[in-house]
Protein chains: 2
Amino acid sequence: MTSHRPTMNDVARTAGVSLKTVSRVVNGETTVAPDLAARVHAAVESLDYRPHVGASMLRRNDRRTRTIGLLLDDVSHPFSAALHRAVEDQARARGIQVLTGSLDQDPVREQTLAEAFAERQTDGLILAPTGADSGHLGAHTGLPVVFVDRTPTGAAGDTVVSTNVSGAAGAVRHLIAQGHRSIGFLGGHQHLSTTRDRHRGYLRALGSRAGPAVHDLHDPTDAERAAVAMLRGPHPPTALFTTQSMVTLGVVRALRRLSRERSVALVGFDDFPLADLLEPPVTVVAQDPARMGRTAAAALFERIEGYDGPPREIRIPTTLIPRGSGELPI
Amino acid sequence: MTSHRPTMNDVARTAGVSLKTVSRVVNGETTVAPDLAARVHAAVESLDYRPHVGASMLRRNDRRTRTIGLLLDDVSHPFSAALHRAVEDQARARGIQVLTGSLDQDPVREQTLAEAFAERQTDGLILAPTGADSGHLGAHTGLPVVFVDRTPTGAAGDTVVSTNVSGAAGAVRHLIAQGHRSIGFLGGHQHLSTTRDRHRGYLRALGSRAGPAVHDLHDPTDAERAAVAMLRGPHPPTALFTTQSMVTLGVVRALRRLSRERSVALVGFDDFPLADLLEPPVTVVAQDPARMGRTAAAALFERIEGYDGPPREIRIPTTLIPRGSGELPI
DNA sequence: CTGAAAGCGCTAACAT
DNA sequence: ATGTTAGCGCTTTCAG
């Protein structure tokens, strides 16, 4: 006497009907006599039967697993986590499950996980590309892919990004409007499209009067060091622009350390929790990760449903939130 | 001419071997002649064949999908997100994928998602129980379940929690050591085991001298209001203890609003990003969500491998981090 | 060392 | 309205 999980066959046997009738009832088809349906339901209850979606999917015509993959930089980073939550909510509304993975900017992991998801027959993939060539994905795995946060290299597909160039330019113009003429730039990984676009926005606003710049900052510690060096350098800027929250945080620490937090202005790209509770509160160009997630999910579901138009680039507006640090006069 | 995804049969045909030989090569069995294996590998490459893990799992003896489910309060909350990341890292090391879901404290969602995961044949489940009866899970779904963060009601299973009672008691004793005698309590959802345990710790440290208390605070706004009311009440405490970061944040705002942040001491349970950059920096009882995630994953994998001992309760130590707000004298 | 046949749990196509 | 048969892509069992 085995204690396997019950199958449709077991249900059919105890209900005294055929396998196919059980299948019909379980799938909610209406062409079943009420009394038979009732017997099937009773058997399902008593055996605690649960359908096997894997087996079902294998035979079904549409071959949908109702599962999507979501690959982000780091599911524990606030931006990624907010985006994740938005994707999950859209998926839940459609009864779709979400497989997640963190890439840590590692292209090998990007490829490995994309393949693992493909082998698991996820119906599609939402991906924050690492920046390496993502060409293997769309064509290779045959999965519908929507890119989010960054534009991919070597691959085409719907892409959901923030208005990075104009958002950054707006931030820098905001500083200029306060009278600043020497505005320092502190940027993250240079190979990422976001970093490059935000740098472009910085340059666009400043023209030939660009200030000192440090690139390829990885973490708050790097950023803190770089900001201290910049402010102690030969031509210290009166204001700073940072391209991502990790860098912004390091700069906040640097300004505190130098007791310059009330004399050097700061605008950071990407909002972060408690920015409004710091002294001074930090002015940011806020992204809208929830909307990015919703939008990416919507685009992916359209593709999964068969929409086959050309790749779309959807730009989600950013918002300058003046809180204090960006409104310090020169 | 159809453009299906290639199957093992297609590979076998182009390699000129039998289906079973392909299966052997794909599964890394060593009992295949080198030249046949080479032909198979070539065919796999040229067709871009990818095995179908669902079909494989269906026939396999162990019936493992190498997928686990992770159900948390809210994947975008810093605590949950950190825990998620730790689980993911443990899973990745074993080539296991993670399905995630946010429960928002909703027992219906807990049940629905647990069943959805069971239907997808996840090998196990890590769950932060909502507090409602979780009895349906372990027995019902037949899945190995490990509980995390909170102890379940009506269900047995390995459980990984913080040292909530002693952590809270330590925090309150810390305040007492600064001379405080009237210490207010601001707590989250009362039906959660964490909230109750932290309240118990608070009471244990204070004995009969417990101060004013507000329970069932849901969000920072509630907490802010409650703190303001408490400090304006007839017997305002000189120090506050909060049971979770959402409440702590609201209290920080309240103290600022009343300009009491340097005269009313505060220790919060659960650390949060930037707590050290506030003025004054916030003293907390830090949990270790990463370690909790690692531990829960390890326990789940043991269960999946067949370990069948009695339910274990694993308590992860907390750490008091004095930063300033908890060291204000009376 | 290799292959042919059976069957995992389910649904599609075709009876009846 | 119900049942029967075949087969999804794969691994198992058992034969060569």
Side-chain angles (χ1 to χ4, degrees), chain A residues 2-41 43-44 47-67 118-123 142, chain B residues 2-41 43-44 47-67 118-123 142:
Chain A
T2 50
S3 72
H4 274 325
R5 275 195 23 176
T7 76
M8 253 186 192
N9 244 317
D10 301 323
V11 175
R13 206 173 311 119
T14 61
V17 299
S18 85
L19 177 63
K20 179 63 203 178
T21 299
V22 178
S23 170
R24 282 197 252 265
V25 172
V26 166
N27 290 353
E29 291 177 35
T30 50
T31 62
V32 179
D35 56 321
L36 283 197
R39 265 155 58 200
V40 170
H41 279 124
V44 164
L47 295 179
D48 193 33
Y49 167 77
R50 224 174 299 279
H52 189 304
V53 310
S56 150
M57 169 282 191
L58 193 56
R59 194 60 177 86
R60 229 175 238 294
N61 273 343
D62 67 2
R63 279 173 159 273
R64 299 274 168 76
T65 54
R66 304 194 72 73
T67 304
E119 290 180 1
R120 267 152 229 257
Q121 326 298 126
T122 58
D123 298 333
Chain B
T2 49
S3 73
H4 274 325
R5 273 193 26 173
T7 75
M8 253 186 193
N9 244 316
D10 302 324
V11 176
R13 205 171 313 119
T14 59
V17 298
S18 85
L19 177 63
K20 178 60 205 179
T21 299
V22 178
S23 171
R24 280 196 252 266
V25 172
V26 166
N27 290 343
E29 291 176 35
T30 50
T31 62
V32 179
D35 54 322
L36 284 197
R39 266 157 55 200
V40 170
H41 278 125
V44 164
L47 296 178
D48 193 33
Y49 167 77
R50 225 173 299 279
H52 189 304
V53 309
S56 145
M57 169 282 188
L58 192 56
R59 195 61 177 86
R60 224 175 245 293
N61 273 342
D62 65 4
R63 279 174 158 277
R64 299 272 169 77
T65 54
R66 305 193 71 73
T67 304
E119 290 181 1
R120 267 153 227 257
Q121 324 298 126
T122 58
D123 298 333

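Note that the structure is a prediction, hence the values are computed from the model and not measured.
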Mind running side-chain contact (heavy atoms from CB on, under 4.5 Å) on Val44(B) and Val40(B) for me, showing each step along the way?
CA-CA 6 Å; Val44(B) 164; Val40(B) 170; 4.2 Å; yes
Verdict with supporting geometry, His52(A) and Thr7(A), side-chain contact (heavy atoms from CB on, under 4.5 Å) = CA-CA 8 Å; His52(A) 189 304; Thr7(A) 76; over 6 Å; no
CG (Leu47(A)) and CZ (Arg5(A)) are apart, to the nearest 0.5 Å, by 12.5 Å
Met8(A) CE to dG3(D) C1', in whole Å, measures 14 Å
Rounded to whole Å, the CG-C1' distance (Leu19(B) to dT2(C)) equals 12 Å
When rounded to whole Å, the CZ to C1' distance for the pair Arg13(A) and dG3(D) reads 16 Å
Shortest non-hydrogen pair, Asp48(B) vs Pro6(B), comes out as O-CG, 3.9 Å
Checklist entry - Less than 3.5 Å between a donor and an acceptor, one on the side chain of Arg24(A) and one on the base of dG3(D), is that the case here? => result yes
Rounded to whole Å, the CG-P distance (Asn9(A) to dG3(D)) equals 13 Å
Contact check, residues 52-63 of chain B vs DNA chain C, heavy-atom distance under 4.0 Å, returns Leu58(B), Arg59(B), Arg63(B)
Given Watson-Crick and G-U pairs under 3.5 Å, DNA chain D in dot-bracket ([ ] crossing, | other strand) is ||||||||||||||||
Rounded to whole Å, the CD-P distance (Glu119(B) to dG9(C)) equals 15 Å
For Ser18(A) and dG3(D), is the shortest distance between a side-chain N/O and OP1 or OP2 below 4.0 Å?
-> yes
**Asked** Are the side chain of Arg64(A) and the backbone of Met57(A) linked by a donor-acceptor contact shorter than 3.5 Å?
**Response** no
Side-chain donor-acceptor contact under 3.5 Å, Thr67(A) with Arg120(B): yes
Out of dG9(C), dT11(C), dG3(C), minimum distance to the side chain of Thr7(A) belongs to dG9(C)
Without swapping roles, check the side chain of Arg24(A) against the backbone of Thr30(A) for a donor-acceptor pair under 3.5 Å. no
For Ala37(B) and Val25(B) the tightest heavy-atom approach is CA-CG2, 4.0 Å
Ala15(B) backbone acceptor or donor facing Arg39(B) side chain under 3.5 Å: yes
Sorted by number, residues from residues 28-36 of chain A placing a heavy atom under 4.0 Å from DNA chain D are Thr31(A), Val32(A), Ala33(A), Leu36(A)
CG (Asp123(B)) and OG1 (Thr65(B)) are apart, to the nearest 0.5 Å, by 3.5 Å
Between the OG atom in Ser56(B) and the CE atom in Met8(B), the distance rounded to the nearest 0.5 Å is 7.5 Å
